[in-house]
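Structure first, then comments.
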Amino acid sequence: MATAEQAPTGSRGPEETPVEPAALQRQFDETIARDQRIEPRDWMPEGYRRTLVRQIAQHAHSEIIGMQPEGDWITRAPSLRRKAILFAKVQDEAGHGLYLYSAAETLGVDRADLTERLVEGRQKYSSIFNYPTPTYADVGTIGWFVDGAAICNQVPLCRSSYGPYARAMVRICKEESFHQRQGYELLLTMMRGTEAQRRMVQESVDRWWWPSLMMFGPPDDNSPNSERSMAWKIKRHSNDELRQRFVDMTVPQAERLGVTLPDPELRWNEERGRYDFGTPDFSELKRVISGEGPCNEERVARRRKAHQDGAWVREAAAAHAAKQASGRATRQEAAA
Amino acid sequence: MSAAEQAEGIPDVPVDARGWPMYEIFVRAKRGLNHVHVGSLHAADDRMALTHARDLYTRRNEGVSVWAVRSESIVASTPDEKDPFFEPSGDKVYRHPTFYEIPDDVPHI
Amino acid sequence: MNDERISLALGEEGPDDARWAFGTGFEDPLHGIATAVPEGVEAARLAACCAALGDDALVTAQRLAEWCTDAPELEEELALANIGLDLLGQARLLYSRAGQVDGTGRDEDAFAYFRDAADFRNVRLVELPRGDFAFDMVRLLVLSAWRLALFERLAGAADPVLAAIAAKGVKELAYHRQFAAEWVVRLGDGTEESRKRTARALAEVLPWAVELARDEISAPFGADGGEASKALSDVLRQTADAAGLTLPPPAEAPAGTGRSGEHTEHLAPLVGELQSVAREHPGARW
């Protein structure tokens, strides 16, 4: 399908003068060096395109799979206000997924393909969504930690070198700040409630803290793709730097909330002016990413089922549209 | 099919057989402003494209008017044409208001 | 650090791209509207009407929420959630009004979470379990066409609060009706399978629409279930024509009505799920 924002596929029309690959590469490098954006129809190295497709698709999948752990609580939200907030939040995640798929499609892939890759388990999504949500406090903790970590990751991506991705991130970041705030506000309210609620909050914080730190990916000395992504300015900060930012941001919030973060090594380092903290169990991260998390199968199976169950609806709409179009064509012929 | 797809081994199936066609969406944020491109979406027909655009891109009162255009209907310049297309206007500095020096004490200009 | 400042601001790297600015047009639909019950309006009837119309909306929103992550396409997730949120908003306003005038001072959550299923007065159409997409689009078409006709009348109700809630609802319901009608046409006309499913959905849903014609709960406020049902019949006929479908012959209505508290076996589990967390934690704050 030809799309306005789609990148050229590499083949050129006979009337166009071929441009030397070296010259194209130089133009690309200069654009990056000047901190300008690469746009869809620009020439780009194949590795750059592939890296972007992978990263944006994984990001989009994460938004869509990420609807599940919280979406299950919409029907059970304990007040109508919380129900409306959560419904709108999970809806936003579907929207974010769509913004991102839309950005990925400017690179010449199709959303239907990306969805296939997800439901066949060939493309990954954020490991965090493979953890279960057994209590309502998890809705708050996800907002506070998971969306907070996402914001740390994503704010720098608003300056990503690829235009459509950066623009999608601007929009997403603005909307995410509502997500983080509603989560923290829920926890604050629960902490002012009953003793059982306070225990529920602490228990939830205990479960989500380490998986949230792992959202920033493996440590820098073990992150094979990071360096190249940073050179291309797809990515702006290292995993460890972002992880540190998240900890520095979250500790005072935890104090204010009155919960304990489950890390005995967590303490203020006067010299660095930052918090020291323990090392997450990255072997767990590896296991969860490779499909052995508590909910991997369930999450992908559910997405696959929704996609398959919806096939007859999508086909019906396409068939109706085709009939309408041919009906119009016939009427026009008759009129001519 | 793009090289990215070839690299990841996606079979070459016509897109329309698998999904709804793509539309580009333009939103007018408020009266007095142009419609601005905000992204794309998929829809089976024009009417659906508009309702989807409303639901996806104006959830927070972002717009007062929406355009939806089939992506394949958009005619675009290519980056290779950049010079012949846009550079001729680059030297027409007289089109820009800053070209004209006006003394500071002339009001409202 | 105060609560307002706890969240991460977008900070020094924050996007300065103002084109994405959120809209600011948040309006309180009840702003400046007197809340006293006007003379000549019977408070008990007003409360009953508001609570019942609130129940219709809440139960429908609950069924729509069950679609979350299961919609046939991602764009449809957004659409169904928008409709669910509109109806949830209507329920909240209507419950608040009911509690304001029935002398109990109950808030919206007291109505939603601390009444038993037997005290709900929704029409039974809305409590039927979620079906396939055709079933839920036909149901949404029936409900929103009927409710729109009611609300158009209620916008002129003697009670100014109910009138304002209805006036706001009219805009929402007109969109819901349009959305559902378009889908029923697509599915009715689309493929052999979608046509079969849509015909089946009509056969399953329409018997429960008979109850709507008998509804008199909003009669004291200028709306009438029978009249609204005529509007619904017109919409159904037009939609069926556009889809090339034949409407099933008028069906026998199942005995009883939801408005008199006679529900199907499907309501209690729905209400039980809705209330599970709230009731598990008495005295809690959320």
Side-chain angles (χ1 to χ4, degrees), chain A residues 64 67-68 71 74-84 87-88 90-91 94-95 97-98 101 136 148 151-152 155-156 158-159 167 170-171 173-174 177 180-181 184-186 188-190 192-194 196-197 249 252-253 256 302-303 306 309-317 319-320 323, chain C residues 1 3 6-11 13-15 17 20-22 58 61-62 65-66 68-78 81-82 84-85 88-89 91-92 95 108-109 112-113 132-134 183 185-187 189-191 193-195 197 270 273-274 276-278 281-286:
Chain A
I64 299 305
M67 296 168 70
Q68 292 182 23
I74 297 172
T75 56
R76 292 174 287 167
S79 75
L80 294 183
R81 177 171 171 269
R82 289 291 169 201
K83 191 190 281 290
F87 210 166
V90 175
Q91 182 200 35
L98 283 175
Y101 283 127
Y136 203 77
I151 291 173
C152 277
V155 166
C158 297
R159 295 188 302 130
R167 290 192 286 276
V170 169
R171 204 179 170 109
C173 282
K174 294 215 167 185
S177 72
Q180 191 197 18
R181 292 179 72 100
Y184 192 80
E185 187 224 46
L186 170 61
L188 265 181
T189 312
M190 289 180 72
R192 295 186 198 125
T194 63
Q197 283 187 295
M249 172 183 100
Q253 296 170 354
R256 175 67 181 73
R302 183 151 154 194
R303 179 76 193 103
D309 288 353
W312 71 270
V313 177
R314 298 192 298 273
E315 281 160 19
H320 171 69
K323 286 188 206 177
Chain C
M1 187 163 12
D3 294 0
I6 280 169
S7 276
L8 171 81
L10 286 175
E13 286 181 312
D17 189 341
W20 299 119
F22 293 165
L58 177 60
Q62 192 77 355
E66 292 174 10
C68 181
T69 74
D70 284 352
E73 184 52 285
L74 292 177
E75 281 88 350
E76 261 26 87
E77 292 280 355
L78 278 290
N82 269 346
L85 282 166
L88 190 53
R92 295 177 67 186
Y95 285 154
E108 58 183 43
D109 288 335
Y113 294 94
D132 63 9
F133 195 66
W183 265 114
V185 170
R186 285 186 196 107
L187 297 177
D189 176 60
T191 61
E193 180 179 9
S194 70
R195 187 178 193 77
R197 286 176 183 256
L270 177 142
E273 181 176 335
L274 172 89
S276 55
V277 178
H281 297 274
R285 304 174 60 170
W286 302 101

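Chain A is the first sequence line, chain B the second, and so forth, proteins listed ahead of strands; every chain is numbered from 1.
Neither the backbone nor the side chain of C/A91 comes within contact range of chain A, judged by heavy atoms closer than 4.5 Å. Only the side chain of A/L98 comes within contact range of chain C, judged by heavy atoms closer than 4.5 Å. Residue contact with chain A, scored on non-hydrogen atoms closer than 4.5 Å, involves the backbone and the side chain of C/L78 alike. Looking at A/Q197, only its side chain comes within 4.5 Å of chain C, counting heavy atoms on both sides. Of the atoms belonging to A/V90, it is side-chain heavy atoms, and not backbone ones, that fall under 4.5 Å from chain C. Neither the backbone nor the side chain of C/L270 comes within contact range of chain A; no heavy atoms are under 4.5 Å apart. With a 4.5 Å cut-off on non-hydrogen atoms, C/E76 does not touch chain A at all. In this structure, the portions of C/A65 lying under 4.5 Å from any heavy atom of chain A include both its backbone and its side chain. The contact between C/F133 and chain A is made by backbone and side chain atoms together, counting heavy-atom distances below 4.5 Å. For a residue to count as touching a neighbouring chain, one of its non-hydrogen atoms must lie under 4.5 Å from one of that chain's; by this rule A/R303 touches chain C with the side chain only. Proximity to chain A (any heavy atom under 4.5 Å) is restricted, for C/S276, to the side chain, taken from C-beta onward.
Listed for the C/E77 side chain is a donor-acceptor partner under 3.5 Å among the backbone atoms of C/T69. Between the A/K83 side chain and the A/A77 main chain, no donor and acceptor come within less than 3.5 Å of each other.
Side chains of C/E273 and A/T75: a donor-acceptor N/O pair is present below 3.5 angstrom, by distance only.
Interface remark: of the candidates A/R82, A/K323, A/Q68, A/M67, A/K323 forms the most heavy-atom pairs closer than 4.5 Å to chain C. Highest contact tally toward chain A, considering only C/D70, C/L88, C/L74, is held by C/L74 [criterion: heavy-atom pairs under 4.5 Å]. For the set A/A316, A/A319, A/G71, A/A196, the entry with the most heavy-atom pairs within less than 4.5 Å of chain C is A/A316. The candidate with the highest count of non-hydrogen atom pairs below 4.5 Å against chain C, out of A/A94, A/A311, A/A84, A/S79, is A/S79.
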Report the C-alpha separation of A/R76 and C/L274 in whole Å, then their side-chain angles, then the decisive distance to 0.1 Å, and conclude whether the side chain to side chain contact (heavy atoms under 4.5 Å, CB included) test is met. CA-CA 5 Å; A/R76 292 174 287 167; C/L274 172 89; over 6 Å; no
Stepwise, does the salt bridge (Lys or Arg N to Asp or Glu O under 4.0 Å) test hold for C/E193 with A/R314? CA-CA 12 Å; C/E193 180 179 9; A/R314 298 192 298 273; over 6 Å; no
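Using a 4.5 Å cut-off on side-chain heavy atoms (C-beta onward), C/S194 and A/E315 make no contact. Between A/R192 and A/L188 there is a side-chain heavy-atom pair separated by less than 4.5 Å.
Both tests pass for C/R197 against the ring of A/W312: distance under 6.0 Å to the centre and angle within 45° of the axis.
Expressed to the nearest 0.5 Å, how far CZ of A/R256 lies from OH of A/Y184 amounts to 6.0 Å.
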